[in-house]
Each structure stands twice: as structure tokens, then as C-alpha cells.
Amino acid sequence: MDDNVTIDSKTDDQSTPEVEASADDTVVAAAPVTPESDTEADEPEGDAEDYLVEEGEIAGDYLEQLLDVLDFDGDIDLDVEGDRAVVSIDGGKDLNKLVGRKGEVLDALQELTRLAVQQSTGDRSKLMLDVAGWRAGRREELTRLGTEAAERVAASGDSEPLEPMTPFERKIVHDAVATIAGVTSESDGVEPNRHVVVVKE
């Protein structure tokens with residue numbers, strides 16, 4: 001879907017899963033993070049695009065309330081990419097606090113947002129959340145890393161293990177490696193140390 005929808009943060013009396021700010025203003029999510037596998041679940045039945053738009057709207061409402069609670073400024077943008085809703089928050093000076101070290105706070109916030117959507121729809125969500133363009137920048141970085149590693153392996157023939165990554169990050173690297181002829185990639189290890197290994201075909 002090409003059209004984006006922008007929502008300004010506003011107060012809503014709908015209940016919000018518990019999220020609080022600590023003394024150093026780093027967001028602490030009071031809910032467990034559910035591990036995500038490399039292979040996602042099938043999308044819900046019915047009109048997939050309409051369903052994903054609904055997911056994005058539910059997530060947008062939840063995130064509006066969160067920004068109000070934290071007194072953060074930010075514009076919420078809703079989109080659909082492939083088989084998942086994509087929600088991004090941009091434009092606020094404090095938004096990096098919602099990203100955290102290596103995106104750890106962002107990952108927890110994404111899981112909370114998915115849980116809020118699941119609570120409303122009854123179905124597990126694959127929604128992707130980005131804040132201040134962090135995931136977009138990370139995608140570019142990982143695509144470059146995967147491509148360069150694949151080129152080195154193609155030239156030397158030696159396998160090359162990469163650093164531990166999340167399932168989202170590993171998929172980006174796998175996709176990048178797949179563009180280089182003569183090499184392939186596989187995931188090895190267990191969380192949180194599961195990583196991509198680039199090998200010669």
C-alpha cells in the first residue's frame with residue numbers, strides 16, 4: 001500500500017499496557033518479550049490488506065497514548081509492506097530514548113505493541129515498529145555487511161561467521177547474501193547468540 005497515514009499524538013481514554021519511564025528516562029517495558037522465529041506465522045485469513053490496515057490503526061492508537069504518558073512528541077506513520085503492518089514514529093527530540101542500546105528498548109516496545117494488537121484482534125501480529133528511523137538505518141547497515149561478507153567468501157572460499165543478531169536482522173543478512181552468486185548463508189547457534197554463517201556453495 002503506497003498511501004501513508006500520519007497521526008498526531010493525542011490523549012485517549014483507552015487503556016494502555018503498563019509502560020513506565022525510569023529515572024534516566026529510559027523506557028522500561030513491564031511485559032515479557034516473546035522470542036520470534038526466523039520463519040513467521042501465516043497471515044490471518046480474509047482480506048489481508050484490510051486486516052493489516054486495522055492492525056496499524058490499533059497500534060497507532062496504542063502508541064499515541066504511550067507518547068502522551070511519556071510526554072514525548074512524535075508523528076505516527078502507518079503503512080503496509082508485504083505481509084505486515086509497519087508503524088513508524090518520527091519527529092520528536094526524545095525518540096532515541098525509545099530505541100535504547102542496540103535497539104533493545106525498541107524491540108521491547110514493538111512486542112508490547114504487538115500484544116496490544118493481539119489483545120484487540122485475537123490474532124498474533126507480525127507488525128513492525130520503527131522509531132526515529134533506527135530500523136531503516138540498521139537495514140542499510142546489515143545489507144552492506146551481508147553483501148561484503150558474501151563477496152569475501154566468494155573470493156576466498158572460507159566460511160565467515162557474523163555477530164549474533166535478532167531474527168529480523170538475520171533475515172536482512174540472508175537476503176543480502178542471496179544476491180551474490182556462489183555463496184549461501186545459514187543461521188547457527190541458539191538465542192541470544194544465534195548468528196549468520198556465510199559459506200561457499
Side-chain angles (χ1 to χ4, degrees), residues 1-36 40 49-142 164-169 172 191-192:
M1 185 174 72
D2 296 328
D3 295 334
N4 293 341
V5 179
T6 299
I7 304 175
D8 293 326
S9 173
K10 61 184 178 180
T11 302
D12 191 340
D13 60 3
Q14 182 178 348
S15 62
T16 304
E18 181 183 352
V19 177
E20 58 185 19
S22 63
D24 62 359
D25 287 332
T26 297
V27 171
V28 179
V33 176
T34 303
E36 182 178 305
E40 297 284 5
E49 185 168 314
D50 286 348
Y51 182 90
L52 295 175
V53 169
E54 179 187 1
E55 276 198 359
E57 291 173 346
I58 295 168
D61 290 341
Y62 169 71
L63 292 166
E64 282 181 37
Q65 296 173 66
L66 175 66
L67 292 177
D68 285 340
V69 168
L70 298 175
D71 196 25
F72 284 2
D73 293 325
D75 295 325
I76 300 174
D77 187 74
L78 313 178
D79 201 358
V80 172
E81 293 182 4
D83 64 348
R84 72 176 73 213
V86 178
V87 182
S88 58
I89 308 176
D90 293 291
K93 64 181 180 180
D94 295 317
L95 293 181
N96 284 335
K97 296 174 183 176
L98 297 179
V99 174
R101 178 179 175 272
K102 294 185 177 180
E104 291 173 350
V105 175
L106 174 57
D107 286 341
L109 180 56
Q110 175 176 273
E111 187 61 24
L112 277 175
T113 305
R114 288 178 172 183
L115 290 173
V117 172
Q118 181 175 343
Q119 186 178 40
S120 178
T121 66
D123 294 310
R124 182 177 181 272
S125 173
K126 298 191 294 182
L127 176 144
M128 184 68 67
L129 174 65
D130 195 7
V131 174
W134 188 86
R135 287 200 197 280
R138 182 65 171 153
R139 181 185 293 275
E140 292 180 4
E141 177 185 347
L142 291 169
M165 299 176 188
T166 66
F168 165 77
E169 293 172 331
I172 294 171
E191 303 292 359

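Residue numbers run from 1 in the order of the sequence given.
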Engineer: Who are the side-chain contact (heavy atoms from CB on, under 4.5 Å) partners of Glu104, not counting sequence neighbours?
Structural biologist: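 Glu104: side-chain contact (heavy atoms from CB on, under 4.5 Å) contacts with Arg101.
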Engineer: Any side-chain heavy atom of Tyr51 sitting closer than 4.5 Å to one from Asp123?
Structural biologist: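 Yes, side chains in contact.
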Engineer: Looking at residues at least two apart in the chain, or sitting in another chain, which of them share a side-chain contact (heavy atoms from CB on, under 4.5 Å) with Asp94?
Structural biologist: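 Partners of Asp94 by the side-chain contact (heavy atoms from CB on, under 4.5 Å) criterion, ordered by chain and then number, come out as Phe72, Lys97.
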Engineer: State, yes or no, whether a side-chain contact exists between Leu98 and Leu67 at a heavy-atom distance under 4.5 Å.
Structural biologist: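 The answer is yes, as the side chains (C-beta and beyond) meet within the 4.5 Å cut-off.
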Engineer: Just by distance, do the side chain of Asp130 and the backbone of Ala136 share a donor-acceptor pair under 3.5 Å?
Structural biologist: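 Yes, the answer is positive, given that a donor and an acceptor are paired below the 3.5 Å cut-off.
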Engineer: Looking at every heavy atom in both Val105 and Gly100, which two are closest together, and how far apart are they?
Structural biologist: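 Distance-wise, the nearest heavy atoms are CG2-CA, 3.8 Å.
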Engineer: Do you know the tightest heavy-atom contact between Pro164 and Pro192?
Structural biologist: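 Result for this residue pair: CB-O, 3.6 Å.
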Engineer: Quick one: CG on Leu106 to CD1 on Ile89, what's the gap to the nearest 0.5 Å?
Structural biologist: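 If I round to the nearest 0.5 Å, the distance is 8.5 Å.
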Engineer: Against Ser125, only a single residue in Glu55, Gln119, Arg114 fulfils side-chain hydrogen bond (donor to acceptor under 3.5 Å, both in side chains); can you say which?
Structural biologist: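 Exactly one candidate clears the test, Glu55.
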Engineer: Side chains of Val99 and Arg135: closer than 4.5 Å at any heavy-atom pair?
Structural biologist: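 When only atoms from C-beta onward are counted, Arg135 and Val99 do not touch, as no gap falls below 4.5 Å.
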Engineer: For Asn96 and Ala132, which heavy atoms make the closest approach, and how far apart are they?
Structural biologist: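 Minimum heavy-atom separation between Asn96 and Ala132: OD1-CB, 3.9 Å.
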Engineer: For the residue pair Met165 and Ile172, establish whether any side-chain heavy-atom pair is separated by less than 4.5 Å.
Structural biologist: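 Met165 does not reach Ile172 side chain to side chain.
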Engineer: Who pairs with Glu54 by salt bridge (charged side-chain N to carboxylate O under 4.0 Å, His left out), at least two apart in sequence or on another chain?
Structural biologist: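 Partners of Glu54 by the salt bridge (charged side-chain N to carboxylate O under 4.0 Å, His left out) criterion come out as none, since no residue qualifies.
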Engineer: Give a yes or no on whether the backbone of Asp107 and the side-chain of Glu111 come within a donor-acceptor separation of less than 3.5 Å.
Structural biologist: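 Between the backbone of Asp107 and the side chain of Glu111 there is no qualifying donor-acceptor contact (under 3.5 Å).
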Engineer: Check the pair Leu78 / Glu57 against side-chain contact (heavy atoms from CB on, under 4.5 Å), numbers first and verdict last.
Structural biologist: CA-CA 7 Å; Leu78 313 178; Glu57 291 173 346; 4.1 Å; yes
Engineer: Test of understanding: with salt bridge (charged side-chain N to carboxylate O under 4.0 Å, His left out), list the residues that count as partners of Glu141, not counting sequence neighbours.
Structural biologist: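 With sequence neighbours excluded, Glu141 shows a salt bridge (charged side-chain N to carboxylate O under 4.0 Å, His left out) to Arg138, given in chain and number order.
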Engineer: Minimum heavy-atom separation for Ile58 to Ser120, with atom names?
Structural biologist: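 Heavy atoms of Ile58 and Ser120 come nearest at CD1-OG, 3.5 Å.
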Engineer: Distance from Leu115 atom CG to Gln110 atom CD, nearest 0.5 Å?
Structural biologist: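 So the CG of Leu115 and the CD of Gln110 are separated by 10.5 Å.
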Engineer: Checking Thr113 now: which residues fulfil side-chain contact (heavy atoms from CB on, under 4.5 Å) with it, not counting sequence neighbours?
Structural biologist: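 If we apply the side-chain contact (heavy atoms from CB on, under 4.5 Å) test to Thr113, skipping adjacent residues, the hits are Ala59, Tyr62, Leu63, Leu109, Leu127, Leu129.
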